[in-house]
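The next block holds one structure in the form of structure tokens; read it before the comments.
By convention in this document, chain letters (A, B, ...) are assigned in the order of the sequence lines, proteins followed by strands, and residues within each chain are numbered from 1.
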Amino acid sequence: MTPSLAPRRVILPVIYGIALLIAWEALAHSGAVSRLVLAGPLEIVVAGVRNWSELGFNAGVTLAQALIGAAIGNVAGLLVAICFVHWGFFRRAVFPLAILCEAIPVVAILPVLILWLGNGMAPKIFVAAFLSFFPMLVNAYRGLSNVDEEVRELLYSYSATASQMLWKVRMPAAVPFMFTALKLSACSSMIASLVAEWLASERGLGFLVVYYGQSYRVADIWSAAILSCLISLGLYGITAACERRALSRSSP
Amino acid sequence: MSSSLSGKLPEFGRFPERIGAILPPVVLIVALILLWSWSAGTGLLPKWLLPSPQAVLGEFSHHSATLLKHARMTAFEALGGFALGALAGAGGAFLLTLVPFLRDMLYPYALASRAIPIIVFTPLIVVMLGRGLVPIILIVAFATYFPVFLALLRGLNTLNADRMELLHSLSATPLQILWKIRLPSSLPMLFAALKVSASGAFITALVTEWIGSNVGLGYLVMVSGQYFKLATMWAAIFSASLMTLALLGLIVLIERLMGRYTSLATEV
């Protein structure tokens with residue numbers, strides 16, 4: 001399904017979105033749903049503007065944890081993938097374990113991490129890094145080993161070194177695969193950071209949502225939750241835009 | 001929606017090769033467990049940091065009833081939500097494929113939905129519905145719904161023009177096209193999404209239990225962590241991991257069994 005810009009493909013979604021917002025607002029005012037549960041979109045925007053400084057500061061904490069974690073996890077994943085390509089024995093021993101580890105609900109060991117690392121930013125960054133690490137490892141390895149046999153032979157006949165092979169052939173071949181992992185980690189690192197704040201934290205959007213929830217400040221919960229979604233969407237959008245630029249430049 | 005989990009495990013070849021594929025990871029795991037056991041035994045690894053493997057194993061035999069109670073709850077939430085979300089996601093994808101009006105209207109929202117962290121809404125849903133089974137199953141279902149919906153929608157709409165033309169010239173009905181071409185060719189993407197969602201379902205269930213429940217393995221992990229009952233905590237973590245692996249294994253098995261149907265798309 002190619003994104004063609006036929007007018008109905010723009011107008012229909014916009015109409016739908018506006019209708020949805022109006023219906024939501026009407027539902028919130030009709031009294032059919034308790035005010036303790038549902039806040040209208042206008043009320044949510046007002047709450048968001050009113051709490052702007054509080055929301056902004058806590059969003060910054062959450063975003064910082066997510067970004068630092070994603071950076072560490074992705075770099076580590078790429079480095080291990082490069083090791084995999086060069087040392088076959090290491091790969092054969094560790095790769096099945098890595099796939100196994102990916103299936104393990106890592107976030108569940110967060111209580112352990114809080115025991116080990118305290119309740120500051122460190123455990124959140126660790127979980128975000130862990131969640132970013134495995135997708136990058138698996139995807140980057142697949143990309144790095146996705147080298148045309150003829151190109152490999154050509155470089156061999158030029159007696160290229162392993163590092164030349166890595167930089168001139170393997171890395172460019174791996175770029176599309178790495179973006180797949182980066183897009184995954186854009187969302188998952190944000191989720192990890194948010195969820196990790198539920199357990200033991202005094203800062204962050206995840207903490208804020210639970211804190212508001214305990215005092216039944218419904219419009220405030222909605223504004224914090226929607227802000228988290230917007231940040232997550234923004235991260236994903238930026239990554240996707242970088243992907244489009246990088247791929248359009250590399251492909252002839 | 002491709003993911004690392006869609007990566008294929010190495011194919012097992014002849015006997016010596018099979019040994020070569022299985023032996024290194026097994027040796028590594030055994031070595032790690034021995035190292036863990038040894039360092040816990042000599043006190044190198046303090047008990048509050050990581051209890052010995054014997055202690056964790058002992059937990060499985062001494063407190064199996066407790067573990068089973070919590071595990072049953074988590075399994076019910078994760079599997080129920082997974083099934084619900086996968087069915088709804090598949091239904092939504094079929095609907096949008098067969099009704100172009102709906103597709104044009106909803107496609108941008110469908111695309112944006114994959115970047116939305118549904119789990120953030122847990123506190124809201126708990127405020128709405130109270131603590132317990134229903135909110136958790138709902139959140140797991142939502143978390144499963146989006147990847148499955150998107151993967152199947154994309155799979156159903158990525159079509160080979162030649163084959164479509166062939167079926168058109170045979171004047172096939174839209175349903176025949178769906179059944180013979182669209183569905184089989186979308187199954188690889190669907191299974192990739194199901195594998196991602198399978199571990200996602202358990203993660204979501206475990207995490208949601210932190211604030212949305214007072215039973216389940218996620219709750220057990222959190223509470224035993226707060227009381228420094230580390231053996232219990234690790235036993236709960238291992239149980240959750242085993243259940244996740246079991247579900248993943250089941251999906252991989254079904255994918256293998258359906259291989260014949262999937263290849264239909266290339267045979268037509």
Side-chain angles (χ1 to χ4, degrees), chain A residues 1 6 8-9 12-13 15-17 36-38 89 92-97 99-100 102-109 111-112 114-116 134-139 142 180-181 184 186-187 190-191 194-195 198-199 205-206 209-210 212-213 216 218 221-222 225 228-229 232-233 235-237, chain B residues 2-5 7 9-10 20-22 24-25 27-29 48-50 101 103-109 112 114-117 119-124 126-128 153-154 157-158 198-199 202-203 206-207 210-211 217-218 221-222 224-226 228 230 233-234 236-237 240-241 244-245 248:
Chain A
M1 204 184 293
R8 59 183 261 130
R9 294 208 162 164
L12 273 176
I15 293 175
Y16 173 74
L36 275 177
V37 168
L38 190 71
F89 182 77
R92 279 197 298 277
V94 178
F95 203 28
L97 265 189
I99 290 181
L100 216 64
E102 220 215 335
I104 286 171
V106 180
V107 190
I109 70 161
V112 185
I114 288 171
L115 290 182
W116 289 352
F134 288 106
M136 184 46 116
L137 170 63
V138 179
N139 277 297
R142 221 189 305 165
T180 306
L184 277 175
C187 305
M190 195 62 195
I191 290 180
L194 282 164
V195 164
W198 288 352
L199 273 193
L205 273 182
V209 173
V210 173
Y212 290 151
Y216 284 85
V218 173
I221 314 176
W222 274 99
S228 338
C229 292
S232 185
L233 265 174
L235 285 180
Y236 185 86
Chain B
S2 74
S3 148
S4 47
L5 276 172
L9 281 165
I22 293 176
V27 168
L28 184 66
I29 291 179
W48 59 268
L49 205 61
L50 194 62
F101 175 76
R103 184 174 59 214
D104 288 347
M105 191 162 83
L106 298 176
Y107 194 61
Y109 297 100
R114 93 171 98 187
I116 286 184
I119 205 166
V120 175
F121 288 93
T122 308
L124 253 176
V126 171
V127 168
M128 282 186 203
L153 185 64
R154 185 169 292 180
N157 289 285
T158 313
S199 54
F202 274 99
I203 291 180
L206 290 167
V207 168
W210 289 347
I211 56 174
L217 288 176
V221 171
M222 181 184 71
S224 49
Q226 281 164 353
F228 285 89
L230 292 192
M233 180 160 77
W234 281 103
I237 290 171
S241 311
T244 313
L245 287 176
L248 267 177

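- Here the side chain of A/Y16 pairs no donor or acceptor atom with the backbone of B/L106 at under 3.5 angstrom.
- Listed options B/V221, B/L217, B/V126, B/V27 were ranked by heavy-atom pairs under 4.5 angstrom with chain A; first place goes to B/V221.
- There is no contact between A/Y212 and chain B, counting heavy-atom distances below 4.5 Å.
- Using a 4.5 Å heavy-atom cutoff, the side chains of A/V210 and B/I211 are in contact.
- Only the side chain of A/L194 comes within contact range of chain B, judged by heavy atoms closer than 4.5 Å.
- Considering only heavy-atom pairs separated by less than 4.5 Å from chain A, the leading option among B/L206, B/I119, B/L124 is B/L124.
- Minimum heavy-atom separation, B/A112 to A/L233: O-CD2, 3.5 Å.
- With a 4.5 angstrom heavy-atom cutoff, B/M233 touches chain A only via side-chain atoms.
- The CE atom of B/M222 sits 10.0 Å away from the CD1 atom of A/I114 when rounded to the nearest 0.5 Å.
- The two residues A/P13 and B/Y109 make their nearest non-hydrogen contact at O-OH, 2.7 Å.
- Using a 4.5 Å heavy-atom threshold, the side chains of B/F121 and A/V209 count as separate.
- When A/A181, A/G237, A/S232, A/G213 are compared by the number of non-hydrogen pairs under 4.5 Å with chain B, A/S232 comes out ahead.
- Shown here are the ring pair (Phe, Tyr, Trp, His ring centres under 6.0 Å) partners of A/Y236, two or more places apart in sequence or in another chain: there are none.
- Nearest heavy atom pair, residue B/P117 against residue A/I191, reads CB-CG1, 3.4 Å.
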